[in-house]
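This report concerns only the one structure given below.
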Amino acid sequence: MSISENLADIVARIALSRKAAIAPAPATRLVAVSKTVAEDGIREALEAGQRLFGENRVQEAMAKFPQLKTDYPDLELHLIGPLQTNKVKDAMALFDVIQTLDRAKLAEALAAERDRTGKSPRLLVQVNTGEEAQKAGVPPRETAALIAHARKLELPVEGLMCIPPADDDAAPHFALLLKLARDNGLEFLSMGMSGDFELAVKFGATHVRVGSAIFGARDYATTT
Ligand SMILES: *Cc1c(COP(=O)(O)O)cnc(C)c1O
């Protein structure tokens, strides 16, 4: 299937899952994850009407998206990969939303750059729901404190994001993220990928991040 056919299929499956859900979010948006995808593939998605994209490396996004954003002024770009403090300036200049705020030091760097430029992308806090040592994200029990810290810095924190452990049932992770969002008065929930976005919709996802089901299997050999 082509990228446009895949997109139509995913959009239809999101709509069906929303109908089957007991308490779906008011809206569920599809973030097309275009990491490792060449510009041609992204343009095909844009021509099919997709406007929301996710990238997980600042450098790679800087190589692909400035021109695409000029060509499609309503394109919206989310950072979904870990952010180093030395990339904060570049990330804040390019991304509309940063989904991976996960530590106090990063919140402080974002606030300092916001003070310098007078603007900030919207932010989601990444929660390490599986408490995996190698994975980014704030542990669940430290999430409220990080949100409070970011709010004190007047950062626009609007939601939570998680990547459940690859081998776990995702359901309890999605349920935990939903609970943390409710407890902290946050509107957005970014959860669910190619293999489990329909389940995430049932748990109230406002954003699902789908890559390979749209663009095909990733070829990491072609990335810079
Ligand atoms: C790559 C990636 C995705 C998309 O994964 P697929 O399984 O290809 O849909 C979603 N979220 C994050 C954070 C990613 O890095």
Side-chain angles (χ1 to χ4, degrees), residues 1-14 17 28-38 41-42 44-45 48 50 52-65 76-84 87 91 94-103 106 121-132 134-138 158-171 173-174 176-177 181 188-203 205-224:
M1 291 215 294
S2 68
I3 288 170
S4 61
E5 286 168 327
N6 288 341
L7 274 168
D9 177 59
I10 303 287
V11 168
R13 284 163 64 189
I14 290 170
S17 306
T28 307
R29 298 181 70 199
L30 171 61
V31 182
V33 176
S34 53
K35 64 187 183 204
T36 81
V37 177
I42 300 171
E44 199 179 325
Q50 178 67 25
L52 175 53
F53 293 86
E55 284 278 341
N56 71 342
R57 286 166 179 264
V58 177
Q59 218 70 24
E60 183 184 343
M62 282 174 72
K64 295 192 289 193
F65 276 88
E76 185 177 321
L77 187 61
H78 290 205
L79 179 65
I80 60 170
L83 179 56
Q84 306 303 320
K87 297 261 170 65
L94 180 63
F95 289 93
D96 302 290
V97 173
I98 293 173
Q99 296 200 2
T100 51
L101 171 58
D102 65 353
R103 57 200 191 278
L106 180 57
R122 289 167 284 135
L123 303 169
L124 272 55
V125 167
Q126 181 178 356
V127 183
N128 187 354
T129 57
E131 308 209 36
E132 295 170 281
Q134 81 287 3
K135 198 169 269 175
V138 63
E158 300 188 343
L160 301 177
M161 176 272 221
C162 77
I163 310 170
D167 304 327
D168 268 23
D169 175 9
H173 297 275
F174 295 158
L176 173 58
L177 204 69
F188 295 117
L189 275 175
S190 172
M191 55 192 197
M193 316 202 302
S194 290
D196 55 16
F197 69 88
E198 288 157 306
L199 182 66
V201 168
K202 291 182 184 152
F203 280 92
T206 62
H207 295 74
V208 292
R209 309 178 308 269
V210 179
S212 46
I214 296 170
F215 296 108
R218 278 182 289 277
D219 180 3
Y220 284 97
T222 63
T223 53
T224 48

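Sequential numbering from 1 along the given sequence is applied to the chain's residues. Just the heavy atoms: all of them, side chains too, but no hydrogens, waters or symmetry mates, feed the values below. We count ligands from 1, going down the list as the structure has it; atoms in each ligand are counted the same way.
Near Ile163, with a cut-off below 4.0 Å to any heavy atom, the atoms of ligand 1 are 13 (C). Atoms of ligand 1 found under 4.0 Å from any heavy atom of Val210 (numbered from 1 in listed order, with element): 9 (O). Heavy-atom proximity to Arg209, at under 4.0 Å, picks out these atoms of ligand 1: 4 (C), 9 (O), 10 (C), 11 (N), 12 (C), 13 (C). Atoms of ligand 1 found under 4.0 Å from any heavy atom of Asn56 (numbered from 1 in listed order, with element): 15 (O).
Counting heavy atoms from C-beta on, the side chains of Leu94 and Val58 never come closer than 4.5 Å. Put simply, the side chain of Val210 reaches to within 4.5 Å of the side chain of Ser194, judged on heavy atoms. For the pair Lys202/Phe174, no side-chain contact is recorded, criterion being any heavy-atom separation below 4.5 Å from C-beta on. Using a 4.5 Å heavy-atom threshold, the side chains of Ile42 and Phe65 count as touching. Residues Pro165 and His173 have side chains in contact (heavy-atom distance under 4.5 Å, counting atoms from C-beta outward). Residues Gln99 and Phe188 fail the side-chain proximity criterion, which asks for heavy atoms closer than 4.5 Å.
Among all non-hydrogen protein atoms, the one lying nearest atom 9 (O) of ligand 1 is Ser194 OG, 2.5 Å. Scanning all protein heavy atoms for the shortest distance to atom 14 (C) of ligand 1 gives Lys35 NZ, 2.9 Å. The protein non-hydrogen atom at the shortest distance from atom 3 (C) of ligand 1 is Met193 SD, 3.7 Å.
Annotation: Gly211 places an N or O atom under 3.5 Å from an N or O atom of ligand 1; distance criterion only.
Using a 30° and 60° split on the angle between ring planes, His207 and His78 fall in the tilted class, from 30° to 60°.
Residue Ile80 touches ligand 1 through backbone and side chain together, judged by heavy-atom distances below 4.0 Å.
Residue contacts with ligand 1: Arg218 is included, with a non-hydrogen atom under 4.0 Å away.
Selection from Ala213, Cys162, Gly54, Ser212 by nearest heavy atom to atom 8 (O) of ligand 1 gives Ser212.
Closest non-hydrogen pair, Lys64 versus Val37, comes out as NZ-O, 2.8 Å.
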